[in-house]
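The next block holds one structure in the form of structure tokens; read it before the comments.
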Protein chains: 2
Amino acid sequence: MILSKTTEYALSILGFMATRNRELYPAEYLYAQLKIPRQYLRRLLTDLTKKGFIASTRGRNGGFVFARDLSTINFSQVIDAMEGPEAMNTCLLGFAACIADHPCAMHDLWLEARAKMVETLTKTSLADLREKYLKDQVTNDK
Amino acid sequence: MILSKTTEYALSILGFMATRNRELYPAEYLYAQLKIPRQYLRRLLTDLTKKGFIASTRGRNGGFVFARDLSTINFSQVIDAMEGPEAMNTCLLGFAACIADHPCAMHDLWLEARAKMVETLTKTSLADLREKYLKDQVTNDK
DNA sequence: ATAATATACTACAAAAATGTAGCATTTTAT
DNA sequence: ATAAAATGCTACATTTTTGTAGTATATTAT
Ligand code: SF4
Ligand code: SF4
């Protein structure tokens, strides 16, 4: 499963916004592009605003903009904000305490594999995403 | 999130059984040890039986035993059986198709990180778990 | 035979996650 | 001023996941 649908949506929204050239992204525009259920999308946009990834302006000509530089937002931050910081930090076997209070055979391997995943998610920023995206686009256009 | 509670339970049950020296594990015994909600645990035991990991015998002196050798059961198999084979194989951003139909910056890194995790889960069998567990136990007892 | 101790099954209940509807508020073009 | 176009908010609906209760069935010790 890895991530909840809600978190995937959040990444989807930010990932999409990061790879376009608009300044402003109204909810309705994002809905047309992403097909995330309308009202749910709106709620998520407000969430992402409260969490400081994007900023909103109301009224006519309103919409959403990134609240900070793309290079300061990485995937791990978004996941942590959506799922809580401990989501990627749980025991594989679902034990509160380890079996008989000592690490099982999986522990080191599991920690290592998970750490690698978290590292990947941490070191990739939305700026990286955008850069790679634009580069590929040029290549594809040839 | 990574895994559903149900899958964690399943791993918990099998992991526990694999590291003890009993032949037979009645549901009530597992309940006493694992504290997974009673009826839910029973349902999961029946599921795991139907999925061929364990076998049941009914009636007095009944209970559950492993249906096959511990070395033939790995974590990935259990996860696949519980969550469906595609659970660990989804797009990070939750896109059905990639943004604008071409891989994003995350793709290669994400695939690699996830592959590492899946590899770890595949190469570790319940026999490995047991072996490591018993070895540690000796060490701890000194 | 009977009682005790198991699992199997079915139907329901509660909680959490996801999705929907509608109105309130803000801003700006006209 | 007013209408249009946008976000904010609240309450509810649906679906999925997790948990519960109770009964049926099987096996065995006595
Ligand atoms: S040692 Fe095993 S049981 Fe303990 S937290 Fe790590 S994976 Fe879970
Ligand atoms: S390339 Fe990016 S959007 Fe496409 S499947 Fe991979 S992670 Fe998802």
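Here is the naming used below: chain letters follow the sequence lines, and residue numbers restart at 1 for every chain. Just the heavy atoms: all of them, side chains too, but no hydrogens, waters or symmetry mates, feed the values below. Computed from a predicted model, the values in this text were never measured in an experiment.
- If you check distances only, the side chain of R42(A) never reaches the base of dT7(D) with a donor-acceptor pair under 3.5 Å.
- Map K5(B) and G59(B) each onto its nearest nucleotide of DNA chain D; the residue landing nearer the 5' end is K5(B).
- A straight line from CZ of R38(A) to C1' of dA13(D) spans 18 Å, rounded to a whole angstrom.
- Side chains of D128(B) and S125(B): a donor on one and an acceptor on the other come within 3.5 Å.
- Considering only side-chain N and O atoms, S56(A) lies under 4.0 angstrom from the phosphate OP1 or OP2 of dG8(D).
- R20(A) and Y133(A) share a donor-acceptor pair across their side chains, judged by distance under 3.5 Å alone.
- The phosphate of dA5(D) (OP1 or OP2) has no side-chain N or O of N61(A) nearer than 4.0 angstrom.
- Residue-to-nucleotide contacts include a donor-acceptor pair under 3.5 Å from the side chain of R43(B) to the base of dG19(D).
- Geometrically, K5(B) does not engage Y9(B) in a cation-pi contact defined by less than 6.0 Å to the ring centre and at most 45° from the axis.
- Per the geometry, CG belonging to L48(A) stands 11 Å off P belonging to dG8(D), to the nearest Å.
- Nucleotide dT17(D) holds its P atom 15 Å from the CD atom of E8(B), rounded to whole Å.
- From the 5' end on, the contacts that DNA chain C makes with chain B at under 4.0 Å to a non-hydrogen atom open and close at dA4(C) to dA11(C).
- Ring geometry for F16(B) against Y25(B) counts as perpendicular: the plane angle is over 60°, on a 0 to 90° scale with 30° as the lower cut.
- To the nearest angstrom, P of dA13(D) lies 18 Å from OH of Y40(A).
- Of the candidate nucleotides dA5(D), dA29(D), dT18(D), dA5(D) has the atom nearest to the side chain of R60(A).
- For the pair E83(B) CD and dT16(D) C1', the computed distance is 13 Å after rounding to whole Å.
- In this structure, T6(B) and T57(A) both approach DNA chain D, and ranking their closest nucleotides by distance from the 5' end singles out T57(A).
- Using a distance-only test at 3.5 Å, with no hydrogens or angles considered, no donor-acceptor pair links the side chain of T72(A) to the main chain of R68(A).
- When only modelled atom types and interatomic distance are considered, E86(B) and N89(B) share a side-chain donor-acceptor pair under 3.5 Å.
- Rounded to an integer number of Å, the gap from CG of D47(B) to P of dT18(D) is 12 Å.
- Here dA4(D) presents its P atom at 19 Å from CZ of R58(A), a figure rounded to the nearest Å.
- Among the protein residues, T49(B) comes within range of no part of the nucleic acid, since none of its heavy atoms lies under 4.0 Å from any strand.
- Atom CG in L45(A) sits about 12 Å away from atom C1' in dA6(D), given to the nearest Å.
- Ion pairing between R114(A) and E119(A) fails under the 4.0 Å rule for side-chain N and carboxylate O.
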